[in-house]
Enquirer: 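Please find one structure pasted underneath; my questions will follow.
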Amino acid sequence: MVKLRLKRCGRKQRAVYRIVAIDVRSQREGRDIRKMGFYDPINKKTYLNIPTIIYFLKNGAQPTETVHDILKKAEVFKEGFKHNEIKLMK
């Protein structure tokens with residue numbers, strides 16, 4: 001199964017995260033399928049490749065809770081499809 005999750009980058013105490021599509025069995029810094037943007041919690045900046053994210057979500061990728069909150073804040077669910085079509089699997 002594919003998940004949309006954060007991949008840690010940057011140096012010590014200055015973490016920056018990439019939003020990636022990755023196999024569930026991979027490690028956090030493992031090989032990703034596709035890079036879809038980044039999230040900088042310190043400077044509060046976010047860049048999203050929305051068409052690619054919507055493509056993966058429609059094909060069954062599940063976002064983690066943190067990525068789901070980032071996408072919700074960026075109103076990705078309003079653009080592509082209804083929120084009901086995305087179900088978080090825990």
Side-chain angles (χ1 to χ4, degrees):
M1 179 163 85
V2 176
K3 280 207 170 216
L4 302 181
R5 68 183 188 197
L6 298 176
K7 185 175 182 179
R8 192 177 196 276
C9 302
R11 59 181 196 228
K12 284 194 247 181
Q13 305 297 321
R14 299 287 295 172
V16 177
Y17 298 93
R18 284 189 181 147
I19 299 170
V20 297
I22 195 166
D23 189 29
V24 191
R25 298 167 289 188
S26 297
Q27 298 175 357
R28 181 181 68 185
E29 280 88 20
R31 175 180 268 177
D32 52 58
I33 298 170
R34 185 94 188 248
K35 295 177 181 94
M36 298 185 209
F38 73 88
Y39 169 62
D40 185 357
I42 297 169
N43 297 325
K44 298 190 176 25
K45 292 183 180 178
T46 306
Y47 169 76
L48 301 171
N49 186 350
I50 294 178
T52 307
I53 291 171
I54 290 173
Y55 170 78
F56 273 93
L57 289 173
K58 284 187 177 180
N59 286 319
Q62 294 293 317
T64 60
E65 291 182 32
T66 308
V67 173
H68 186 271
D69 292 341
I70 292 169
L71 297 178
K72 190 174 177 183
K73 193 172 186 178
E75 299 179 349
V76 171
F77 299 115
K78 291 181 182 178
E79 292 181 26
F81 39 83
K82 298 175 187 168
H83 181 69
N84 302 350
E85 294 180 25
I86 301 291
K87 297 175 188 164
L88 278 176
M89 297 177 67
K90 294 185 180 182

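Computed from a predicted model, the values in this text were never measured in an experiment.
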Enquirer: Looking at every non-hydrogen atom in both residues, tell me the closest pair between Asp40 and Ala15 and how far apart they are.
Expert: OD1-O, 4.1 Å
Enquirer: Is there side-chain contact between Leu4 and Leu57, with heavy atoms separated by less than 4.5 Å?
Expert: yes
Enquirer: Closest heavy-atom contact between Phe56 and Met36?
Expert: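 That would be CD1-CE, 3.4 Å.
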Enquirer: Say whether Tyr17 and Tyr47 are linked into one hydrophobic cluster, either directly or through other cluster members, by side-chain heavy-atom distances under 4.5 angstrom.
Expert: no
Enquirer: If you look at every heavy atom in Asp23 and Ile33, which pair is closest and at what distance?
Expert: N-CD1, 4.2 Å
Enquirer: Of all the heavy-atom pairs spanning Arg18 and Lys35, show the shortest one and how long it is.
Expert: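 That closest heavy-atom pairing would be NH1-CE, 3.2 Å.
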Enquirer: From the options Thr66, Asp32, Asn49, Val67, select the one residue that forms a side-chain contact (heavy atoms from CB on, under 4.5 Å) with Ile19.
Expert: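 Per the side-chain contact (heavy atoms from CB on, under 4.5 Å) rule, the option paired with Ile19 is Val67, out of Thr66, Asp32, Asn49, Val67.
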Enquirer: Looking at Thr64 and Arg5, what are the two nearest heavy atoms and their distance?
Expert: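 Minimum heavy-atom separation between Thr64 and Arg5: CG2-CB, 3.5 Å.
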Enquirer: Minimum heavy-atom separation for Val24 to Met1, with atom names?
Expert: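 Closest pair (atom of Val24, atom of Met1, distance): CG2-O, 2.7 Å.
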Enquirer: When you compare the side chain of Ile22 with that of Lys7, does any pair of heavy atoms fall below 4.5 Å?
Expert: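 No, too far: nothing below the 4.5 Å cut-off.
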Enquirer: Let me check something: do Ile54 and Ile70 share a hydrophobic cluster, defined by ILVMFWY side-chain heavy atoms less than 4.5 Å apart, either directly or through other members?
Expert: yes
Enquirer: Taking Tyr55 as the starting point, is it possible to reach Leu71 by hopping between hydrophobic residues whose side chains are less than 4.5 Å apart?
Expert: yes
